[in-house]
Amino acid sequence: MLKIYNTLTRKKETFIPKVAGKVGMYVCGMTVYDYCHIGHARVMVVFDTVARYFRYLDYELTYVRNVTDIDDKIIQRALENGEEFTGLTQRFIDAMHEDERSLAILPPDSEPKATESIADIIILIEKLIINGFAYVGSNGDVFYAVNKFKNYGQLSRKKLDELQAGERVNVDEAKNNPLDFVLWKMSKSGEPSWKSPWGQGRPGWHIECSAMSTCCLGNHFDIHGGGMDLQFPHHENEIAQSEGATGEKFVNLWMHNGFVRVDDEKMSKSLGNFFTVREVLKQYRPEVIRFFILSSHYRSPLNYSDAQLDDAQTALTRFYTALRGIKMSDVAIDNDYKVRFDTAMNDDFNTSIAVSVLFDLAKELNKVKANIEQAELLAATLRYLGSILGILQDNPDEFLKGGGSSNYTLSIEKIETLIKNRIKAKQNKDWAMADKIRDDLKSQGIILEDAAGNTTTWRRE
RNA sequence: GGCUGCGUAGCAAAAUGGUUAUGCAGUGGCCUGCAAAGCCAUCUACACCAGUUCGAUUCUGGUCGCAGCCUCCA
């Protein structure tokens, strides 16, 4: 039985889909004006794993993840670059898809864009005005009147009168209440804009997600996810908008992933302490990043450091070493391990324990290697359970010979020639020569492993 | 100031009212010409102080420390 932590109730709840056998899940995606950083990668990997697990449990999942392709920062960045905002956003959408592919993130079922949802957004705002939740401010912008929505603050557990609006930012005088947020913003000349009943303008950030989730999944759906920082005000505002417009409950279950930190501080664009995915990929291969993310629980903070990524690399080496040399055949799966794995994942996607089950599996696999039938069963189980986490799908030999992403000076042919020379030296009991060859290779990042019968395998450090 | 959440061994990271987490690193062994890999064994814990309990790392209260949100942010 799958249990998921619901931010709305702050409890793990047994997951009961709205419609039996089906799941609708919406996740707040990127605002595309820059490359994805490791924090973005975490959201993508976490919810990709959630999606994979739902499918593994035979749910018919509809996974929607939006793209915010119009907002102040996009406009500003396009202006700085002296380019059309559409060119900017398309470039970073492409880059994002590239990053996703490298991290083995399966594409969502639907990826709506804000700029393609303007009609839905306008309809939603009109409903909010009719229902008395929205008003046109003195500057022509349309605002949401926060105090009209009875349950405002239910998700973030904030009370309206305790929120110190304007403490860190200047209050917009066009609003009735400092906490009111913009639904439709009038455009200045030269800015991208769309026609609306309130004049040429563009949507506010929060309303986009209400429109895009509802249009793809209906007024009321199962799961809404995103980073912790979106809890307030973004997701709080989404609830107010959607429920204010439809009068229906919006989302049953809210999932929020923890942050990636650098030196115990949040990794963020505003702090400037971020590492982009493509930057890290120069040093580590994609599966290492994915494993690093899944090695801790999705709600815990995750500290980014080279040491941690090195650990992830070592862990994967252990797995692939266990898998190496075993024929991958379509044999059955060991049910005991599957049950343990499922139990871990059913407990709010506890990937940390799920991974530890895989380590136990690898250990047993190493022990039974002489027994081919058993080894094949365990190897197949390891690969199958790994696939649910989106890891261990490489060819083991290729993984082990691939090493990090640094430049290689030694060709495979050269390495293999040296190994042949070393085997000859070994046969002549010329240990000094054999050891020299091994040490030379080691200094170039090549580790040799002798096996029985004068065979030697190698891998990169 | 208000609201969340966290504090686990050398590092990373889970669970749990009493029983081995797990991975890396360390130590001792097995294997090996020697290594590597692997296997076996083993040392390092639950921020602090009270309380509840036969028993608390796990529950409750307090103290200290850290992070996040209260502006855009995944």
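Per chain, numbering begins at 1; letters A, B, ... match sequence-line order.
- Looking at heavy-atom distances under 4.0 Å, A:Asp264 makes contact with sugar-phosphate atoms alone, never a base.
- For the P atom pair drawn from B:A13 and B:G68, the interatomic distance equals 16 Å after rounding to whole Å.
- Which of B:A74, B:C24, B:A14 sits closest to the side chain of A:Lys269 comes down to B:A74.
- Among the heavy atoms of the strands lying under 4.0 Å from A:Arg422 is at least one base atom, whether or not backbone atoms are also near.
- Looking at every heavy atom in both residues, A:Arg383 comes nearest to A:Gln393 through O-NE2, 2.9 Å.
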RNA chain B in dot-bracket form (Watson-Crick or G-U pairs under 3.5 Å, [ ] crossing, | inter-strand) is (((((((..(((.....[...))).(((((.......)))))....(((((..]....))))))))))))....
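- Residues A:Arg77 and A:Asp34 are paired through a salt bridge, judged by an N-O separation under 4.0 Å between the basic side chain and the carboxylate.
- Proximity of residues 368-376 of chain A to RNA chain B (heavy atom under 4.0 angstrom from any strand atom) is not detected for any residue.
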Atom pairs under 3.5 Å, N or O on each side, protein against nucleotides 3-8 of chain B: can you list them with distances?
residue : atom : partner  : partner atom : Å
B:C3    : O2'  : A:Ser156 : O            : 3.4
B:C3    : O2'  : A:Arg157 : O            : 3.0
B:U4    : O3'  : A:Arg10  : NH1          : 3.3
B:U4    : O2'  : A:Arg10  : NH1          : 3.1

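- Taking atom P on both nucleotides, B:A37 is separated from B:G26 by 10 Å, rounded to a whole Å.
- For A:Phe359, taking side-chain heavy atoms from C-beta onward, the closest of the listed nucleotides B:G23, B:A74, B:A37 is B:G23.
- Ion pairing of A:Arg278 with A:Glu98 is present here, as a side-chain N (NZ or NE/NH1/NH2) and a carboxylate O approach within less than 4.0 Å.
- With sequence neighbours left out, the side-chain contact (heavy atoms from CB on, under 4.5 Å) criterion links A:Pro301 to A:Arg261.
- B:A45 sits 14 Å from B:U58 when the C1' atoms are compared, rounded to a whole Å.
- Rounding to whole angstrom units, CD of residue A:Gln308 and P of B:A14 are separated by 10 Å.
- Salt bridge present: A:Asp450 and A:Lys426 bring a charged side-chain N and a carboxylate O closer than 4.0 Å.
- Pairs engaging residues 296-310 of chain A under the salt bridge (Lys or Arg N to Asp or Glu O under 4.0 Å) rule: A:Arg299-A:Asp348 [sequence neighbours left out].
- In this structure a side-chain-to-backbone donor-acceptor pair under 3.5 Å is present from A:Asp69 to A:Thr115.
- Between A:His206 and A:His234, the two ring planes are tilted [angle within 30° to 60°].
- One can place CG of A:Leu448 at 13 Å from C1' of B:C34, the figure rounded to the nearest angstrom.
- B:A14 and B:A47 are spaced 15 Å apart, taking the P atom of each and rounding to whole Å.
- Distances were taken from every side-chain heavy atom of A:Arg459 (C-beta onward) to each of B:A21, B:A74, B:A37; the shortest belongs to B:A37.
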Under 3.5 Å, sequence neighbours excluded: what are the donor-acceptor pairs made by side chains of residues 357-366 of chain A?
residue  : atom : partner  : partner atom : Å
A:Asp360 : OD2  : A:Arg340 : NH2          : 2.6
A:Glu364 : OE1  : A:Tyr337 : OH           : 2.3
A:Asn366 : ND2  : A:Ala362 : O            : 3.4

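- Atom pair A:Asn303:CG and B:A14:C1' shows a separation of 17 Å (rounding to whole Å applied).
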Discussion item. I'd like to know whether A:Tyr35 forms a ring pair (Phe, Tyr, Trp, His ring centres under 6.0 Å) with A:Phe92, so could you lay out the CA-CA distance, the side-chain angles of the two residues, the decisive distance to 0.1 Å, and finally the verdict.
Written reply: CA-CA 6 Å; A:Tyr35 293 114; A:Phe92 287 111; 5.0 Å; yes
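- Closest approach to the A:Val260 side chain among B:A13, B:A74, B:U22 is made by B:A74 (side chain taken as heavy atoms from C-beta onward).
- For A:Lys266 and B:C69, the shortest distance from a side-chain N or O to OP1 or OP2 is below 4.0 Å.
- Per the geometry, CG belonging to A:Asp99 stands 14 Å off P belonging to B:A74, to the nearest Å.
- Nearest nucleotide to the A:Asn350 side chain, out of B:C34, B:C70, B:A14: B:A14.
- For A:Asp394, there are no salt bridge (Lys or Arg N to Asp or Glu O under 4.0 Å) partners, not counting sequence neighbours.
- Rounded to an integer number of Å, the gap from CG of A:Asp263 to P of B:C11 is 16 Å.
- Contacts classified as ring pair (Phe, Tyr, Trp, His ring centres under 6.0 Å) and involving residues 422-443 of chain A (residues at least two apart or in different chains) are not found.
- Distance noted for atom P between B:A12 and B:U4: 28 Å (whole Å).
- Remark: the A:Asp229 side chain and the B:C70 base include no donor-acceptor N/O pair separated by less than 3.5 Å.
- Put simply, the side chain of A:Asn177 gets close to the backbone of A:Leu179: a donor and an acceptor are under 3.5 Å apart.
- In this structure, A:Leu230 places its CG atom 6 Å from C1' of B:A74, rounding to the nearest Å.
- Rounded to an integer number of Å, the gap from CZ of A:Arg340 to C1' of B:A15 is 13 Å.
- We find that A:Lys401 and A:Asp397 are joined by a salt bridge, their nearest charged nitrogen and carboxylate oxygen being less than 4.0 Å apart.
- Here, B:C46 and B:C24 have their P atoms 23 Å apart, quoted to the whole Å.
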Check nucleotides 38-45 of chain B against the protein and report each pair of N or O atoms closer than 3.5 Å, with its distance, or say if there are none.
residue : atom : partner  : partner atom : Å
B:G38   : OP1  : A:Arg318 : NH1          : 3.3
B:G38   : O3'  : A:Asn366 : ND2          : 3.0
B:C39   : OP1  : A:Arg318 : NH2          : 3.3
B:C39   : OP1  : A:Asn366 : ND2          : 3.4
B:C39   : OP2  : A:Arg318 : NH1          : 3.4
B:C40   : OP1  : A:Lys367 : NZ           : 2.7

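- A salt bridge does not link A:Asp439 to A:Lys442: none of the charged nitrogens lies less than 4.0 Å from a carboxylate oxygen.
- Ion pairing of A:Arg202 with A:Asp71 is absent here, as no side-chain N (NZ or NE/NH1/NH2) approaches a carboxylate O to less than 4.0 Å.
- The stretch residues 431-439 of chain A touches RNA chain B through A:Trp431, A:Asp435, A:Arg438, each having a heavy atom within less than 4.0 Å of the strand.
- Among residues two or more places apart in sequence or in another chain, the salt bridge (Lys or Arg N to Asp or Glu O under 4.0 Å) test is passed with A:Arg65 by A:Glu100, A:Glu111.
- Ionic pairing of A:Asp48 and A:Arg290 is present here: one or more N-O contacts between side-chain nitrogen and carboxylate oxygen are shorter than 4.0 angstrom.
- For the P atoms, the distance from B:C69 to B:G51 is 38 Å, rounded to whole Å.
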Identify all pairs in which a protein N or O lies below 3.5 Å from an N or O of nucleotides 25-28 of chain B, and state each distance.
none

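- The distance between atom CG of A:Leu316 and atom C1' of B:C24, rounded to the nearest whole Å, is 13 Å.
- For the pair A:Tyr298 and A:Lys426, nearest-nucleotide mapping onto RNA chain B gives the more 5' position to A:Tyr298.
- A salt bridge links A:Asp440 and A:Lys436; the closest N-O separation between the charged side-chain nitrogens and carboxylate oxygens is under 4.0 Å.
- Taking atom C1' on both nucleotides, B:C11 is separated from B:U63 by 28 Å, rounded to a whole Å.
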